[in-house]
Amino acid sequence: HVQLVESGGGSVQPGGSLTISCVVSGVNYKNVGWFRQAPGKEREGIAAIDRDGTAFYADSVKGRFAISRDNDKNTVYLQMDSLKAEDTAMYYCAATYPMSAIQALGVIDPLLEDDLSGQGTQVTVS
């Protein structure tokens, strides 16, 4: 039974920082991505990391967010700095495509839509 549980969201002022976590159980995903969706906006893949720690970021968060993982704990983190109002969204984690594909296309897409059916974690910047 595959389960992804996101946590760590909250409310923060613009310019603040927050770290959210994703615990993956039931499977060892090689490549994991963070996705977000705000009301009335399209879902956006913002960061991805492979098992070796190679990361990729969407332009909207590059230089402000950092993705990392602890393979022993099957946990992926997203450190978010210099937060802006436009970062307000529900954040989800999910398996994603190999880094070579992400780097070639410049887009982070979920491998399995079912991964995004979890509770997510809300981040509000205001």
Side-chain angles (χ1 to χ4, degrees):
H1 174 63
V2 177
Q3 193 175 21
L4 297 94
V5 179
E6 302 90 350
S7 64
S11 294
V12 63
Q13 292 183 341
S17 298
L18 207 57
T19 299
I20 56 178
S21 303
C22 165
V23 178
V24 183
S25 59
V27 67
N28 279 320
Y29 281 147
K30 225 176 176 183
N31 310 293
V32 180
W34 278 102
F35 303 83
R36 67 184 182 185
Q37 186 153 27
K41 293 188 178 179
E42 285 190 7
R43 183 183 64 207
E44 180 186 16
I46 57 172
I49 189 167
D50 67 11
R51 182 162 286 278
D52 297 330
T54 301
F56 183 91
Y57 300 95
D59 287 343
S60 58
V61 304
K62 198 177 295 181
R64 300 187 299 121
F65 290 12
I67 189 171
S68 61
R69 67 190 291 168
D70 184 331
N71 291 329
D72 291 336
K73 295 181 179 178
N74 247 4
T75 302
V76 178
Y77 305 95
L78 187 68
Q79 169 73 36
M80 303 180 289
D81 297 322
S82 302
L83 282 160
K84 306 174 182 179
E86 50 263 44
D87 294 317
T88 295
M90 188 70 79
Y91 285 69
Y92 303 88
C93 59
T96 188
Y97 290 88
M99 194 57 63
S100 56
I102 293 173
Q103 291 170 337
L105 296 173
V107 175
I108 303 167
D109 284 324
L111 191 62
L112 301 167
E113 288 291 334
D114 281 352
D115 283 352
L116 297 171
S117 62
Q119 61 182 20
T121 189
Q122 177 69 39
V123 173
T124 302
V125 185
S126 64

Between Cys93 and Val76, is there a side-chain heavy-atom distance shorter than 4.5 Å? no
Does Arg64 reach the side chain of Asp87, with side-chain heavy atoms less than 4.5 Å apart? yes
Could you tell me if the side chain of Ile108 sits less than 4.5 Å from the side chain of Ile46, heavy atoms only? no
Applying the 4.5 Å side-chain criterion to the ILVMFWY set and letting contacts propagate, would Val23 and Met90 be lumped into a single cluster? no
Checking Arg69 side chain against Asp50 main chain: does a donor-acceptor pair fall under 3.5 Å? yes
With side-chain hydrogen bond (donor to acceptor under 3.5 Å, both in side chains) as the rule and sequence neighbours excluded, what pairs involving residues 75-84 come up? Ser17-Asp81, Thr19-Gln79, Gln79-Asp81
same_hphob_cluster(Val27, Leu112) at 4.5 Å side-chain heavy-atom cutoff: yes
Donor-acceptor check, side chain of Asn74 to backbone of Val24, threshold 3.5 angstrom: yes or no? yes
Distance, nearest 0.5 Å, that separates OG1 of Thr54 from CD of Gln103: 7.0 Å
Quick one: does Asn31's side chain have a donor or acceptor within less than 3.5 Å of a partner on Ala48's backbone? no
Taking distance alone, no hydrogens or angles, what donor-acceptor pairs closer than 3.5 Å link side-chain atoms of residues 119-126 to residues at least two apart or in another chain?
unit_1	atom_1	unit_2	atom_2	d
Gln119	NE2	Glu6	O	3.3
Thr121	OG1	Gly9	N	2.8
Gln122	NE2	Ala89	O	3.3
Gln122	NE2	Thr124	OG1	3.4

Testing the basics here: between Leu116 and Ala94, what is the closest heavy-atom pair and its distance to 0.1 Å? CD2-CB, 3.7 Å
Using a 4.5 Å cut-off on heavy atoms from C-beta on, say whether the side chain of Ile20 contacts that of Trp34. yes
Check whether any side-chain heavy atom of Ile49 lies under 4.5 Å from a side-chain heavy atom of Tyr57, and answer yes or no. no
Nearest heavy atoms of Tyr97 and Asp109, plus distance in Å: CD1-O, 3.4 Å
Any side-chain heavy atom of Arg36 within less than 4.5 Å of one from Val61? yes
Residue pair Tyr29, Val2: steps toward the side-chain contact (heavy atoms from CB on, under 4.5 Å) verdict: CA-CA 10 Å; Tyr29 281 147; Val2 177; 3.5 Å; yes
Please list, chain by chain and in numerical order, all residues satisfying side-chain contact (heavy atoms from CB on, under 4.5 Å) with Gln37, sequence neighbours excluded. Arg43
Close side-chain approach of Thr96 to Phe56, heavy-atom, < 4.5 Å: no
Is it the case that one hydrophobic cluster holds both Leu78 and Val12, taking links as side-chain heavy atoms less than 4.5 Å apart, direct or via other members? yes
